[in-house]
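Please read all numbers here as calculations on a predicted model, not as lab measurements. Just so you know, ligand 1 is whichever comes first in the structure, and atom 1 is the first atom listed for that ligand.
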Amino acid sequence: MKVKVRQGTPEDAEMCGGICYNAFKTISEAHGFSPDFPAPEVATDVLRRLLANPKFYSVVAEIDGRIVGSNFMDERNTIAGVGPITVDPTVQNRAIGRHLMDAVHERAAEKNFDGVRLIQAGFHTRSLSLYAKLGYDVREHLACMQGNALGIFVDGHVVRPATEEDIAACNRLCTQVHGHDRGEELRDAIAQGSAKVVEHVGEITGYATLIGFFGHAVGETNNDIKALIGEAKEFAGPGFLLPTRNGELFRWCLSSGLRITQPMTLMSKGQYNEPAGAFLPSILY
Ligand SMILES: CC(C)(COP(=O)(O)OP(=O)(O)OC[C@H]1O[C@@H](n2cnc3c(N)ncnc32)[C@H](O)[C@@H]1OP(=O)(O)O)[C@@H](O)C(=O)NCCC(=O)NCCS
């Protein structure tokens, strides 16, 4: 079985989207969880946008000219975000995933990223094994949280839409907490209208690109993150990702009525700073 890996193009969206939907549905349902993508069109639409986005590197794997899997890498920051990676369920466990991971790691080395990160489906023994063998360390256990909008306001913490003028302050905050900024992602989120900042005593003390699967948030304290979660009108996609090691924030979410939809794991290879503050990672990392 000869596996060829090449760069992805927007024309691959239909095939890759179908495989992505099937791969996640099969593994989720085998473990009694809901699929991350509710329908094949949703997966195809997400991958079509990634395949057409020059800020994302994409690769597809082929056997005898037939697409059997794909992988992606978010190149907007100094730390690259790997995934979603999916392989056709009929040919899984035959090293295609490894080829697809090797391809994005070669690219990360060429482009001199400081590190790579990903979010792993916590119930999936195969992906956990594969990533660990490829050098990734487990950094955080995460709970994907979903539920009705909380409508909770945190005293002295004002949430408002973020603007371009806030980027420098948000980047300083992200660097203070994580050791690097995610300014390009924030810029995109501001353009899409989803980014929010929290102000406390006249200073920006937190921000979120989105409270949901595809958004990350950073705060000086848990109150900043609570204000962002409390104000969100919905939690987009399967939910937002919460580091369960942050027991105080985790219990606040649970006692506010939110439910855990699935466990996940933040893994990293290369530079990683122990976070010095509160945060929610996105599905990209
Ligand atoms: C995860 C996924 C991309 C991996 O691709 P794949 O082609 O099936 O995986 P590979 O065969 O390349 O690698 C699997 C590795 O895990 C090992 N492995 C599998 N199950 C294992 C277990 N229970 N314990 C230890 N090792 C295990 C295999 O032996 C192999 O390692 P090796 O290459 O050293 O032999 C693919 O299975 C998939 O699409 N899964 C569904 C979607 C998904 O979960 N995506 C990832 C989201 S985090």
Asks: Test of understanding: given a 4.0 Å heavy-atom threshold, classify the contact between Ile119 and ligand 1 as side chain, backbone, both, or neither.
Replies: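 The answer is the backbone.
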Asks: State, without any angle test, whether Thr90 and Asp88 hold a side-chain donor-acceptor pair at a distance under 3.5 Å.
Replies: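 Their side chains do contain a donor-acceptor pair, which is all the 3.5 Å distance test asks for.
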Asks: Which atoms of ligand 1 are found less than 4.0 Å from any heavy atom of Tyr131?
Replies: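 Those atoms are 46 (C), 47 (C), 48 (S).
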Asks: State whether a side-chain donor-acceptor pair under 3.5 Å links His124 with Tyr131.
Replies: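 Side-chain D/A pair, His124 to Tyr131: absent.
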Asks: Find all atoms of ligand 1 within a distance of less than 4.0 Å from any non-hydrogen atom belonging to Thr125, and give their numbers and elements.
Replies: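 Listed by number with element: 23 (N).
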Asks: Would you check whether Leu128 reaches within less than 4.0 Å of ligand 1, judged by its heavy atoms?
Replies: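 No; Leu128 lies far enough from ligand 1 that no heavy-atom distance drops under 4.0 Å.
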Asks: Considering only protein heavy atoms, which is closest to atom 33 (O) of ligand 1, and at what distance to one decimal place?
Replies: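 Going atom by atom, the protein heavy atom closest to atom 33 (O) of ligand 1 ends up being Arg98 NE, 3.2 Å.
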Asks: Does Phe250 form a ring-ring contact (aromatic ring centres under 6.0 Å, His included) with His141? I'd like the steps, not just the answer.
Replies: CA-CA 12 Å; Phe250 188 27; His141 178 263; 8.0 Å; no
Asks: Tell me: protein heavy atom nearest atom 4 (C) of ligand 1, and distance?
Replies: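 The answer is Leu130 CD2, 3.9 Å.
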Asks: Taking the six-membered ring of Tyr285 (Phe, Tyr or Trp), confirm whether the NZ or CZ of Arg182 is under 6.0 Å from its centre and within 45° of its axis.
Replies: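 Yes, cation above the ring, under 6.0 Å and within 45°.
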Asks: If we ignore angles and hydrogens, is there a donor and acceptor under 3.5 Å between the side chains of Ser268 and Arg139?
Replies: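 Result is yes, a qualifying pair exists.
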Asks: Applying a 4.0 Å heavy-atom criterion (strictly less than), which segment of Arg126 is in contact with ligand 1: side chain, backbone, both, or neither?
Replies: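 Both backbone and side chain.
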Asks: Say whether Ala121, considering both its backbone and side-chain N or O atoms, lies within less than 3.5 Å of an N or O atom on ligand 1.
Replies: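 For ligand 1, there is no N or O atom that lies under 3.5 Å from one belonging to Ala121.
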Asks: Considering only non-hydrogen protein atoms, determine which one is nearest to atom 38 (C) of ligand 1 and report residue, atom name and distance to 0.1 Å.
Replies: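 Going atom by atom, the protein heavy atom closest to atom 38 (C) of ligand 1 ends up being Gln92 NE2, 3.3 Å.
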Asks: Considering only non-hydrogen protein atoms, determine which one is nearest to atom 7 (O) of ligand 1 and report residue, atom name and distance to 0.1 Å.
Replies: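 Scanning the protein heavy atoms, the shortest distance from atom 7 (O) of ligand 1 goes to Gly97 N, 2.8 Å.
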Asks: In terms of side-chain heavy atoms, does Asn77 have a donor or acceptor partner in Asp181 at a distance below 3.5 Å?
Replies: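 No, because no side-chain N or O of Asn77 sits under 3.5 Å from a partner of the opposite role on Asp181.
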Asks: Using a 4.0 Å heavy-atom cut-off, which part of Lys133 comes near ligand 1: side chain, backbone, both, or neither?
Replies: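 The answer is the side chain of Lys133.
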Asks: Side-chain donor-acceptor pair under 3.5 Å between Ser194 and Gln192, yes or no?
Replies: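 On atom types as modelled, these side chains do not qualify, holding no pair under 3.5 Å.
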Asks: If you count the atoms of ligand 1 from 1 in the order shown, which ones are under 4.0 Å from a heavy atom of Ser127?
Replies: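 Matching atoms, with element in brackets: 1 (C).
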Asks: Starting from atom 28 (C) of ligand 1, what is the nearest protein heavy atom, named by residue and atom, and what distance separates them?
Replies: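 Ranking protein heavy atoms by distance from atom 28 (C) of ligand 1, first comes Asn93 OD1, 3.6 Å.
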Asks: Closer than 4.0 Å to some heavy atom of Gln120 - which atoms of ligand 1 meet that?
Replies: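 In order of number, 48 (S).
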Asks: Quick one: do Glu165 and Arg187 make a salt bridge, cutoff under 4.0 Å?
Replies: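 Arg187 and Glu165: not salt-bridged.
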Asks: Which residue and atom name correspond to the protein heavy atom nearest atom 2 (C) of ligand 1, and how close is it?
Replies: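 Ranked first by proximity to atom 2 (C) of ligand 1 is Val87 CG2, 4.6 Å.
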Asks: Are a donor atom and an acceptor atom from the side chains of Asp224 and Thr205 found within less than 3.5 Å of each other?
Replies: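 The criterion, which ignores hydrogens and geometry beyond distance, is satisfied for Thr205 and Asp224.
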Asks: At less than 4.0 angstrom from any non-hydrogen atom of Ala95, what atoms of ligand 1 do you find?
Replies: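 Near Ala95, the atoms of ligand 1 are 10 (P), 11 (O), 12 (O).
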Asks: May I ask you to identify the nearest protein heavy atom to atom 41 (C) of ligand 1, giving residue, atom name and distance to one decimal place in Å?
Replies: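 Of every protein heavy atom, Ala23 O, 3.6 Å lies nearest to atom 41 (C) of ligand 1.
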Asks: Closest non-hydrogen protein atom to atom 24 (N) of ligand 1, residue and atom name please, with distance?
Replies: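 It is Ser129 OG, 3.4 Å.
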